[in-house]
Amino acid sequence: TGDEDPDVVLDAALRALEEARDRAGGVSGALTIARASGGQGSGAQLAEKAGALIKPLESRDPLIGDHLKAVSRLASRIGSRMSLPPDQLQALTLGALLHDLGKIGVSDEILQKPVRLTDEEYNVIKRHPVLGADMLVPIEELAPAVPVVRHHHERFDGRGYPDGLRGEEIPLAARVVSVADAFDSMTRDRPYG
């Protein structure tokens, strides 16, 4: 109606998102992807392949696995609420699980830095969407996740990276993952958060 207190509306929205995150917390990544695949047997296989890809990253950063799974669960719930078709929901869920895959190409010194990154370090971090997408391109079954992984840091105003896409040029699934990623990052204690 236009006369609601913005702080009250924001508080209610944040509580609702936190409750959604808590409810989604009990679903494993494999089950989320299997559910997103519409019950097809390939969902668990895709989750297994995705899990194998993120294992090396998890071995370097033990906290990232929880982040990736939380973002995937939240993105899947958002996609379900949007009534995305099963193939788009699967690409969204899988892309969310793999969105930070390219961080395997970033040094531990930068990934674990407890204080603000320098401009040079930030430029290194900004390469992770392209690195991750490039890693997925040769794996045919995971190809639907490539646009999500590549574009999850684009911004609606065109000031994101890596390609400076704006508005609806950004794939819908990447926009959803961007929101889920930002929410999880803001509610989780992480370096460079």
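Heavy-atom basis, side chains included; hydrogens, waters and symmetry copies ignored.
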(request) Return yes if a side-chain donor-acceptor contact under 3.5 Å exists between D181 and H67, otherwise no. (result) yes

(message) Nearest 0.5 Å, please: how far is CG in L117 from CD in E109?
(response) 10.5 Å

(message) Between K103 and D100, does any NZ, NE, NH1 or NH2 come within less than 4.0 Å of an OD or OE carboxylate oxygen?
(response) yes

(request) Enter the distance from I170:CD1 to E154:CD here, rounded to the nearest 0.5 Å. (result) 5.5 Å

(request) Would you check if the side chain of N123 reaches a backbone N or O of D119 as a donor-acceptor pair within less than 3.5 Å? (result) yes

(message) I want to check something: taking the side chain as every heavy atom from C-beta on, are K126 and P162 in contact at a cut-off of under 4.5 Å?
(response) no

(request) Just say parallel, tilted or perpendicular for the rings of H153 and H128, cut-offs at 30° and 60°. (result) perpendicular

(request) Find out whether V71 and L97 are in side-chain contact, i.e. whether some heavy atom of one side chain is under 4.5 Å from a heavy atom of the other. (result) no

(request) Assess whether atom NZ of K55 is packed by more than 12 heavy atoms of other residues, nucleotides or ligands within 6.0 Å. (result) no

(request) Could you tell me whether a side-chain N or O of H99 sits under 3.5 Å from a main-chain N or O of A96, the two making a donor and an acceptor? (result) yes

(message) If only side-chain N and O atoms count, and only distance matters, is there a donor-acceptor pair under 3.5 Å linking E121 with T118?
(response) yes

(request) Answer yes or no: is there a donor N or O on one side and an acceptor on the other, between the side chain of S76 and the main chain of S72, under 3.5 Å? (result) no

(request) May I ask you to decide if A182's main-chain N or O and S185's side chain share a donor-acceptor pair within less than 3.5 Å? (result) no

(message) Please check: side-chain N/O of T93 versus main-chain N/O of Q90, any donor-acceptor pairing under 3.5 Å?
(response) no

(message) If you define the side chain from C-beta out and look only at heavy atoms, does anything of I110 sit under 4.5 Å from I125?
(response) yes

(message) Tell me if a side-chain donor or acceptor on R60 pairs with a main-chain N or O of I104 at a distance below 3.5 Å.
(response) yes

(request) Measure the spacing between CG of L63 and CG of L111 and express it to the nearest 0.5 Å. (result) 11.5 Å

(request) May I ask you to test the P144-D87 pair for a side-chain heavy-atom distance under 4.5 Å? (result) no

